[in-house]
2 protein chains.
Amino acid sequence: MDFQVSFNVNNKLFVKDPDNTDLGRQIVKNAIDLIYTLGFEQFTFKKLAIEIQTTEATIYRYFENKHKLLLYILNWYWSYMEFLVMFKLQNLDNPEIKLIAVIDLLTSDLPDTSGKFDYNKKYLNQIVISESSKAYLVKDISEINKDEVFKPYKDLCSKIADLIAEYNPKYQFPKSLTTTLIESSHQQQFFADNLPKLTDVNSNNHQDFVRLFLKELLFSSIVKKV
Amino acid sequence: MDFQVSFNVNNKLFVKDPDNTDLGRQIVKNAIDLIYTLGFEQFTFKKLAIEIQTTEATIYRYFENKHKLLLYILNWYWSYMEFLVMFKLQNLDNPEIKLIAVIDLLTSDLPDTSGKFDYNKKYLNQIVISESSKAYLVKDISEINKDEVFKPYKDLCSKIADLIAEYNPKYQFPKSLTTTLIESSHQQQFFADNLPKLTDVNSNNHQDFVRLFLKELLFSSIVKKV
DNA sequence: TTAATACAATAGTAACACTATCATTTATAA
DNA sequence: TTATAAATGATAGTGTTACTATTGTATTAA
């Protein structure tokens with residue numbers, strides 16, 4: 001694939017739209033690299049400022065705090081993922097094949113894009129795996145949820161849940177199964193890499209393993225019972 | 001139930017065993033209350049010290065940092081949970097009934113105990129739901145894993161995975177299914193409470209809902225195919 | 001040419017995550 | 001009972017984090 005993609009990320013997530021300036025895009029791009037390298041807890045605006053040779057104060061003009069920056073990055077990812085799902089499902093009719101395509105997407109790295117958004121897709125993927133739950137597992141979740149900062153995630157979930165309902169309208173838990181698939185896909189990849197005894201991974205290709213597990217989990221849950 | 005329980009929590013998790021002194025037990029008990037109230041990010045040793053009218057320095061004599069304290073609390077929880085599983089499964093033969101009992105345990109509050117460990121079980125449960133993944137989603141996971149700080153969690157998982165293998169020896173992913181059940185049980189409870197649109201809850205009793213969902217998920221995965 | 005905007009440079013504050021020192025209380029053992 | 005060690009309290013201090021404020025300069029737009 002080779003085209004430019006661009007999404008309107010929720011404007012409650014930034015003070016000044018980083019998408020509009022070179023510096024803004026540098027901030028986001030280098031934030032991804034640095035969060036990947038240091039982990040979210042060790043990542044600070046100070047370190048990011050040094051990395052791109054600017055000052056903390058400047059970064060604060062774009063983002064209120066690092067949590068919002070993380071949410072911005074994740075929203076970009078979820079929006080992109082929803083776009084990819086839409087794109088890949090074009091011209092597909094069979095609900096089973098559609099769901100298989102979705103699982104493949106959820107367990108693959110993002111395709112590289114050229115142009116303005118040359119974020120490191122491998123890093124971005126790892127951030128989603130290791131850091132995304134920290135975006136919602138916070139005490140002020142109900143406050144930040146009011147700003148609709150989880151809309152892209154919810155939209156993606158709802159789209160996949162619809163596919164499940166299409167496959168088997170009688171299945172009772174399409175949304176919970178969807179979030180379980182998505183979150184489990186991250187967890188199992190993380191465990192396979194870091195705590196492999198918590199999984200059944202045996203090959204070297206962890207993504208293949210997770211893909212297999214999730215397909216089994218999904219289709220045995222939603223199979224139409226006679 | 002009414003008896004005293006006591007576990008040997010991994011001694012790499014503390015500097016001085018909090019289990020041996022009144023002050024140590026106060027620290028753990030009040031840490032649970034405070035982490036529940038403030039969330040792990042806002043929780044500090046300073047605030048805890050004020051709460052129990054001691055000083056930061058004193059708390060540092062028991063725990064190196066708040067991450068280790070969280071791990072200590074979670075290890076206590078996982079050890080207790082494994083004990084409860086063992087206890088509840090006594091005298092049960094039928095693997096299906098055993099697995100149902102396990103899911104019931106995973107989706108219920110801990111029973112109250114008297115004696116030294118009068119931790120607030122409702123708070124502890126919420127901490128497990130909201131904070132436990134923060135114990136392992138850290139950059140230095142491989143370092144801390146060397147100290148076997150995840151052993152109680154792994155032991156519990158392995159015990160449940162064995163039950164799955166007992167039910168259906170041909171099922172390929174007993175461990176991954178187990179971690180998925182446990183983690184999903186937390187997530188779905190968290191989502192039901194905070195981001196209900198990501199789930200299919202309709203009743204007021206979120207625990208019943210999660211229980212139903214997980215049983216369905218588990219047994220459709222491991223059903224013996226003809 | 002003026003005026004606005006964007007950014008850099010610098011300084012400062014309160015909280016956090018510790019470490020160190022020393023005095024005092026408490027438990028224990030000779 | 002006294003000596004001794006261990007546990008805790010009190011206090012201080014350091015470097016870092018998470019910001020906010022101010023002021024000067026370069027760029028751009030009217």
Side-chain angles (χ1 to χ4, degrees), chain A residues 11-31 34-35 37-73 116 131 134-135 138-140 143-144, chain B residues 11-31 33-35 37-73 116 131 134-135 138-140 143-144 147:
Chain A
N11 64 18
K12 302 263 180 170
L13 288 177
F14 49 75
V15 184
K16 176 177 157 64
D17 193 342
D19 202 24
N20 287 336
T21 66
D22 266 340
L23 183 63
R25 288 184 292 269
Q26 277 294 306
I27 288 172
V28 176
K29 179 181 160 37
N30 285 273
L34 217 53
I35 291 172
T37 308
L38 303 174
F40 187 61
E41 285 75 26
Q42 303 306 312
F43 166 79
T44 68
F45 278 7
K46 178 86 194 170
K47 291 172 185 168
L48 178 55
I50 292 170
E51 197 71 18
I52 57 182
Q53 292 172 108
T54 181
T55 60
E56 270 183 285
T58 300
I59 295 172
Y60 278 104
R61 271 191 217 102
Y62 284 88
F63 294 99
E64 266 178 61
N65 53 51
K66 68 174 182 174
H67 186 254
K68 294 245 169 134
L69 174 50
L70 177 63
L71 273 167
Y72 179 92
I73 291 169
K116 285 197 295 185
E131 319 291 356
K134 295 169 193 169
V138 290
K139 202 68 194 178
D140 61 341
E143 274 311 305
I144 63 173
Chain B
N11 65 19
K12 303 263 180 169
L13 287 178
F14 49 76
V15 184
K16 177 178 157 64
D17 193 342
D19 201 25
N20 287 337
T21 65
D22 265 342
L23 182 62
R25 289 185 291 267
Q26 277 295 305
I27 288 172
V28 176
K29 178 181 162 36
N30 284 272
D33 296 353
L34 216 52
I35 292 174
T37 309
L38 303 172
F40 187 62
E41 286 74 26
Q42 304 307 313
F43 166 80
T44 68
F45 277 8
K46 178 85 194 172
K47 290 171 186 168
L48 178 56
I50 292 171
E51 198 70 18
I52 57 182
Q53 293 172 103
T54 180
T55 59
E56 270 184 284
T58 299
I59 295 173
Y60 277 104
R61 277 193 208 103
Y62 284 88
F63 293 100
E64 265 178 60
N65 53 52
K66 69 175 182 173
H67 184 255
K68 294 247 170 130
L69 173 50
L70 177 63
L71 273 168
Y72 179 92
I73 291 168
K116 285 198 296 185
E131 320 291 356
K134 295 169 193 169
V138 291
K139 202 68 194 179
D140 60 341
E143 274 311 304
I144 63 172
D147 288 338

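Every heavy atom of this structure was used, including side-chain atoms; hydrogens, water molecules and symmetry mates were not. From a predicted model like this one, the values you see are computed outputs, not experimental measurements. Every chain is numbered from 1 and lettered A, B, ... according to where its sequence line falls, protein lines coming before strand lines.
- Listed by chain and residue number, D147(A) satisfy the salt bridge (charged side-chain N to carboxylate O under 4.0 Å, His left out) test with K12(A) (two or more places apart in sequence, or in another chain).
- Scanning for side-chain hydrogen bond (donor to acceptor under 3.5 Å, both in side chains) contacts around E143(B) gives K146(B), with sequence neighbours left out.
- Scanning for side-chain hydrogen bond (donor to acceptor under 3.5 Å, both in side chains) contacts around T58(B) gives T54(B), T55(B), with sequence neighbours left out.
- The side-chain hydrogen bond (donor to acceptor under 3.5 Å, both in side chains) test applied to D22(B) returns R25(B), not counting sequence neighbours.
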Expected list for residues 39-50 of chain B: side-chain donor-acceptor pairs under 3.5 angstrom, two or more places apart:
residue, atom, partner, partner atom, Å
E41(B), OE1, K134(B), NZ, 3.2
E41(B), OE2, K134(B), NZ, 3.2
T44(B), OG1, K47(B), N, 3.1
K47(B), NZ, Q42(B), O, 2.7

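- Looking at residues 43-53 of chain A, you'll see T44(A), K47(A) sit with a heavy atom under 4.0 Å from some atom of DNA chain D.
- Taking every nucleotide of DNA chain D with any atom under 4.0 Å from a non-hydrogen atom of chain A, the first and last of them, 5' to 3', are dT17(D) to dA21(D).
- Every salt bridge (charged side-chain N to carboxylate O under 4.0 Å, His left out) that E64(B) has, sequence neighbours left out, goes to K68(B).
- Here K139(A) pairs with nothing under the salt bridge (charged side-chain N to carboxylate O under 4.0 Å, His left out) rule; sequence neighbours left out.
- Near-neighbour residues of DNA chain C inside residues 54-70 of chain B, defined by a heavy atom below 4.0 Å, number-ordered: E56(B), A57(B), Y60(B), E64(B), N65(B), K66(B).
- Here D17(B) pairs with nothing under the salt bridge (charged side-chain N to carboxylate O under 4.0 Å, His left out) rule; sequence neighbours left out.
- In this structure the side chain of D19(B) reaches within 4.5 angstrom of the side chain of Y72(B), judged on heavy atoms.
- Annotation: side-chain hydrogen bond (donor to acceptor under 3.5 Å, both in side chains) contacts of Y60(B) (sequence neighbours excluded): none.
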